[in-house]
Amino acid sequence: MSEQELKALRVRIDSLDEKILELISDRARCAEEVARVKTASLAEGEKPVFYRPEREAAVLKRVMERNKGPLGNEEMARLFREIMSSCLALEEPLKVAYLGPEGTFTQAAAMKHFGHAVVSRPMAAIDEVFREVAAGAVNFGVVPVENSTEGAVSHTLDSFLEHDMVICGEVELRIHHHLLVGESTKTNSITRIYSHAQSLAQCRKWLDAHYPNVERVAVSSNAEAAKRVKGEWNSAAIAGDMAANLYGLTRLAEKIEDRPDNSTRFLMIGQQEVPPTGDDKTSIIVSMSNKPGALHELLVPFHENGIDLTRIETRPSRSGKWTYVFFIDFVGHHRDPLIKAVLEKISQEAVALKVLGSYPKAVL
Ligand SMILES: C=C(O[C@@H]1C=C(C(=O)O)C=C[C@H]1O)C(=O)O
């Protein structure tokens, strides 16, 4: 009886799959048409813009709003994320540079945001991601900007001071770290643990409790740490799932981050401004003159207009000793009339103000 039932269900699934296949192909043909229409309506010398982050955010939100289960909203949106990624690749395969090597959380963030149908290029340092985008060698770059346990990624903030870049998206990733060993590791003779400095810091309490006397060696990335461990009998690495799988390492201990909600926020950087979606964030850099009350003056217009600040970070300005710049994120788009007025007010008081970009709030 149950054999019969199973058979019938499989016939039904096969027929549904055929329909899904047809529908996805229809959708892909629409994307090809979009490319044709966009290309046909160009003025001379103008380049077509195929990737539209504001439209993608709207598509994903619509999917989540209409989803009635049994699949969860995030799961359903993830599937549509991949369909869109493949459709866009028919128009134009996006090239994306990320902080590498392969297997980093930044690569996972890039895939979460753009889907898998992109050409992704690992870079050795954050600054190189910025330079690759500035040189036009890739369409977008992905860099980490802040971690919920360890705070700002200062290399990224400093790179914004040196390059003219537009932020066109954000994505958040839950970060789970594992203690990883290779086949030849003698697990009771570990004398060295490799990881990125940020990850060592995110697991500090766990390391103090379990490996108090073991040397902690900071390397350029978690993936690099995983790579090193492969042939060493006395070392371990702290890294995530992607690196563990890529380098075939064993998890000696799982989820060793000190805070269970440990998350990192990543930014997509490019050269394309993103129009408003109605649910956006804006990032700016402001430098104020070094006088009492400067920060207060800067914050008052936000407060008076009820604008929600989501982050404020201070960095040395690099143009004078003990002078600072403020990195500020807030809710809204720089083209909204209210935000426009606030930015005008601030620029009257500021030494310099630069809008780094307005972009849709992370959907996934
Ligand atoms: C189809 C378009 O181009 C791209 C593909 C999209 C999709 O597959 O839904 C959405 C936005 C763009 O990145 C479009 O502009 O609508």
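Note that this is a predicted model, so its numbers are computed, not measured. For ligands, and for the atoms within them, numbers begin at 1 and follow the listed sequence.
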Asks: With ring centroids as reference points, do Tyr51 and Phe140 lie under 6.0 angstrom apart?
Replies: yes

Asks: If you link I, L, V, M, F, W and Y whenever their side-chain heavy atoms are under 4.5 Å apart, who else ends up in the same group as Tyr194?
Replies: Leu180, Val217, Val219, Val229, Leu246, Tyr247, Leu249

Asks: So does Arg204 pair up with Glu150, basic N to acidic O under 4.0 Å?
Replies: yes

Asks: Does the side chain of His155 pick up a donor-acceptor pair with the side chain of Asp127 at under 3.5 Å?
Replies: no

Asks: Can you list, by chain and residue number, every protein residue with a non-hydrogen atom closer than 4.0 Å to ligand 1?
Replies: Arg27, Val34, Lys38, Phe50, Tyr51, Arg52, Arg55, Glu56, Met84, Cys87, Leu88, Glu91

Asks: Taking atom types as modelled, find out whether His176 and Glu254 have a side-chain donor-acceptor pair closer than 3.5 angstrom.
Replies: no

Asks: If I take atom CD from residue Glu56 and atom CZ from residue Arg81, how far apart are they, to the nearest 0.5 angstrom?
Replies: 4.5 Å

